[in-house]
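In what follows, every heavy atom counts, from backbone to side chain, and hydrogens, waters and symmetry copies are set aside. In what follows, chains are A, B, ... by sequence order, proteins preceding strands, each numbered from 1.
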Amino acid sequence: MSDALSLVLLALLVVTALAATFSRDLLAAVIVFSGYSLVMALLWQRLQAPDLALTEAAVGAGVTTVLFVTAIFKTQRMEEEGGDRHRRGGANEKESVEK
Amino acid sequence: MKKVVSLCFIGALGVLLLMLVSSMPRMGDPGSPTNRRVVDRYLEKAEEETGTENVITGVILNYRGYDTMGEVTVIFTGLAAVLAVLGREKRGRVYAYPDRSPVRSSIIVRSAAGFLLPFIALFSLYTVLHGEISPGGGFQGGAVMAAGMFLFAAAFGLWKAGRTVPPRLRFAVEGAAPITFFLVGVAGLLGGGEFLAYMLPRVSAGLQPALRTWLTLLVEGGIGAGGAMIFISVLMALAREEVGGGQAA
Amino acid sequence: MGRLLDNYHYAVAAVLFCTGFYSVIMRPNIIKKIIGLNIMETSVFLLLVSLGWKEGGIAPIHAGGAEAASMVNPLPQALILTGIVVAVSTTAVALSLVILLYRQYGTLDVDRLMREEELEVPAAGPEGGEG
C-alpha cells in the first residue's frame with residue numbers, strides 16, 4: 001500500500017510522537033498526544049480496521065486526553081527544570097556504573 | 001554518562017528492530033504466515049458459527065470469549081485499583097469539584113456540547129446494538145458513550161455531570177460487563193453446550209438462533225454500559241476533592 | 001536493506017517504539033513517562049494490525065455479500081480492540097498513582113523524588129508513595 005495518504009499519516013505519527021516527547025509543557029504534550037491518537041484512528045481506517053478506528057477516536061482522542069488533562073490539573077503543568085541536577089553528578093555516576 | 005549509555009541503548013534497540021523489520025515477510029502479502037491457518041476458518045465460518053456478520057465481533061465474543069472475559073475483568077480491576085488509591089465518594093459527605101470556580105466554559109462550548117450530546121448518545125447506542133452487522137460493538141459503543149459523558153463534564157462541569165449520572169446508578173452498572181459475561185457463559189453450560197455457547201436451558205432448537213442473537217446483544221450491552229460507567233467513575237475519582245482535606249487545585 | 005521499504009508500516013512502528021522508550025527512560029517527569037508508555041503501546045498495536053493487512057483487502061464484515069477471501073485478518077483487530085481499552089485502564093491507574101504521589105511529595109520529577117526520599121520522611125500519610 002504505497003499510497004500517499006498512508007505515508008503522510010505515518011509521517012505525522014512520527015512528528016506528533018516526537019513533539020509529545022520533547023515538549024516541556026505537559027499540557028501541550030497531552031494535546032499533541034491526542035492529535036497522535038486521531039492520526040492513528042485515520043490510519044486504522046486505511047488499514048481496513050473500522051472497529052479500531054472508532055475505538056481509537058473515542059478512547060485515544062477523548063477519554064485518555066481528558067484523564068491526562070485532569071491529572072495535570074491536579075498536579076502541575078510544566079515539567080520541572082532539572083536546575084540542580086548537575087550538583088549530584090556523583091550520584092549519577094554511581095547509578096550508571098550499577099547499570 | 002548515564003544519558004549516553006541510555007541513548008546508545010535506545011539507538012541499538014532501534015537498529016535491531018529495523019533489521020528485524022527488513023527481514024520480515026512483505027506487508028500485505030496474502031500468503032504470509034500471519035494470514036494463513038486459523039484465519040480462513042474465522043473468515044469463512046464466522047457468520048454461520050457465531051451468527052454475527054462482523055467477524056471481529058464474532059472473534060471477540062465467541063472464538064476468543066475467554067480472552068474477552070479476562071479483559072473485561074481487567075478493566076473492572078483497573079477501576080478498583082483507581083478507587084483503592086484515591087478513594088470513593090461516600091454517602092453524606094460533601095465533595096468539591098475543582099470546576100466550581102468563577103471561570104466557566106464559554107457559551108459556545110456549552111451550546112455546541114448541548115447540541116451534540118443527544119447525537120453522540122444515539123450514536124453510541126447504535127454502535128452497541130448494531131455491532132454485529134456493522135463496525136461497532138460493546139467496547140466501541142462504551143468508549144463513544146464515555147467520551148460523550150466526558151464532553152458533558154467538560155462543558156457543564158463535573159458537579160452537574162455527577163448529578164446527571166448519580167453515583168447510585170454508576171455503582172449499580174459498573175459491574176455489568178463481567179457479570180453479564182459470566183452469567184451468559186454459565187447459562188451456556190447449563191444449556192448443555194460449552195461455556196459461552198450463548199444458549200439457555202430448556203429452549204427448543206428452533207429458537208436457538210434468535211436466542212443467540214439476543215444473548216450476544218445482552219453481553220454487548222453489558223460491556224458497553226459497564227465500560228462507559230467505569231470510565232466515568234475513573235474520571236470522577238481523579239477529579240474529586242474532599243472538602244477540608246486534600247490540596248487546593 | 002531487505003524489505004525495509006516495503007514494510008514501512010513496521011519501520012514506523014519500530015521508530016515510534018523507540019520514541020516512546022526514550023520518553024520512558026530519559027524524561028524525568030512521570031506524566032511524560034506515561035505518555036511514552038502510551039506511544040509504545042500504540043506502536044505495538046500498529047505493528048500487529050499492519051501484520052494482518054492484505055493487499056487490496058476489505059474490512060472483515062460480511063454485510064452486502066462481501067467475499068471472505070479478500071478480507072483482512074480479523075484476529076489482530078479483535079485482540080487490539082481489547083488492547084486499546086486495557087491501555088486506557090492502565091493509564092487511569094498510573095494517573096491515579098501520579099496524583100497520590102504529587103499529594104504526598106509535591107513533585108513529579110523522578111530525580112527529585114528519589115532525593116526527597118533520602119532527605120526527609122514525609123508526614124505520615126495513609127500510604128507512602130514510592131518513587
Side-chain angles (χ1 to χ4, degrees), chain A residues 1-3 6-7 10 14 17-18 21-22 27 30-31 34 37-38 40-77 82 85-86 88-99, chain B residues 1-6 9 26-28 54-57 59-60 78 82 86 97-99 101 120 123-124 126-128 131 134-154 158 161 227-228 230-232 234-241 246-249:
Chain A
M1 182 164 66
S2 68
D3 58 338
S6 292
L7 275 177
L10 288 169
V14 174
L18 287 176
T21 303
F22 288 102
L27 191 60
V30 167
I31 300 300
S34 111
S37 293
L38 207 58
M40 195 59 111
L42 293 175
L43 195 63
W44 293 142
Q45 185 56 40
R46 299 290 307 159
L47 288 169
Q48 299 295 334
D51 291 85
L52 289 186
L54 200 57
T55 314
E56 180 81 37
V59 162
V63 174
T64 311
T65 309
V66 173
L67 292 182
F68 268 118
V69 169
T70 311
I72 289 173
F73 188 70
K74 300 275 284 189
T75 55
Q76 61 192 15
R77 182 173 164 179
R85 204 175 308 150
H86 57 270
R88 46 178 221 121
N92 264 330
E93 292 291 331
K94 216 166 56 185
E95 275 167 28
S96 68
V97 168
E98 278 168 19
K99 197 177 177 188
Chain B
M1 186 59 204
K2 185 184 170 192
K3 213 173 173 176
V4 176
V5 171
S6 308
F9 182 66
R26 192 174 61 81
M27 181 182 157
N54 185 350
V55 182
I56 294 170
T57 307
V59 171
I60 286 183
V82 170
L86 290 179
Y97 292 108
D99 52 18
S101 57
I120 294 177
F123 179 66
S124 71
Y126 169 82
T127 315
V128 172
S134 60
F139 292 111
Q140 298 91 323
V144 173
M145 189 68 214
M149 281 307 300
F150 281 21
L151 174 68
F152 183 85
L158 280 170
I230 283 175
F231 287 138
I232 294 161
V234 165
L235 176 68
M236 290 295 187
L238 285 185
R240 174 181 51 84
E241 275 161 26
Q247 215 157 4

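- With chain B as partner, the option from Val59(A), Thr65(A), Leu67(A) having the largest number of non-hydrogen pairs under 4.5 angstrom is Leu67(A).
- Counting heavy-atom pairs closer than 4.5 Å to chain B, the top-ranked of the candidates Thr75(A), Thr55(A), Thr70(A), Asp51(A) is Asp51(A).
- Heavy-atom distances place both the backbone and the side chain of Leu238(B) under 4.5 Å from chain A.
- Looking at Thr127(B), only its side chain comes within 4.5 Å of chain A, counting heavy atoms on both sides.
- The line from CZ of Phe139(B) to CG of Leu52(A) is 12.0 Å long, rounded to the nearest 0.5 Å.
- With a 4.5 Å cut-off on side-chain heavy atoms, Phe231(B) and Val66(A) do not count as touching.
- Summarising the geometry of Ala58(A) relative to Ala147(B), their closest heavy-atom pair is O-CB, 3.8 Å, with the distance given to 0.1 Å.
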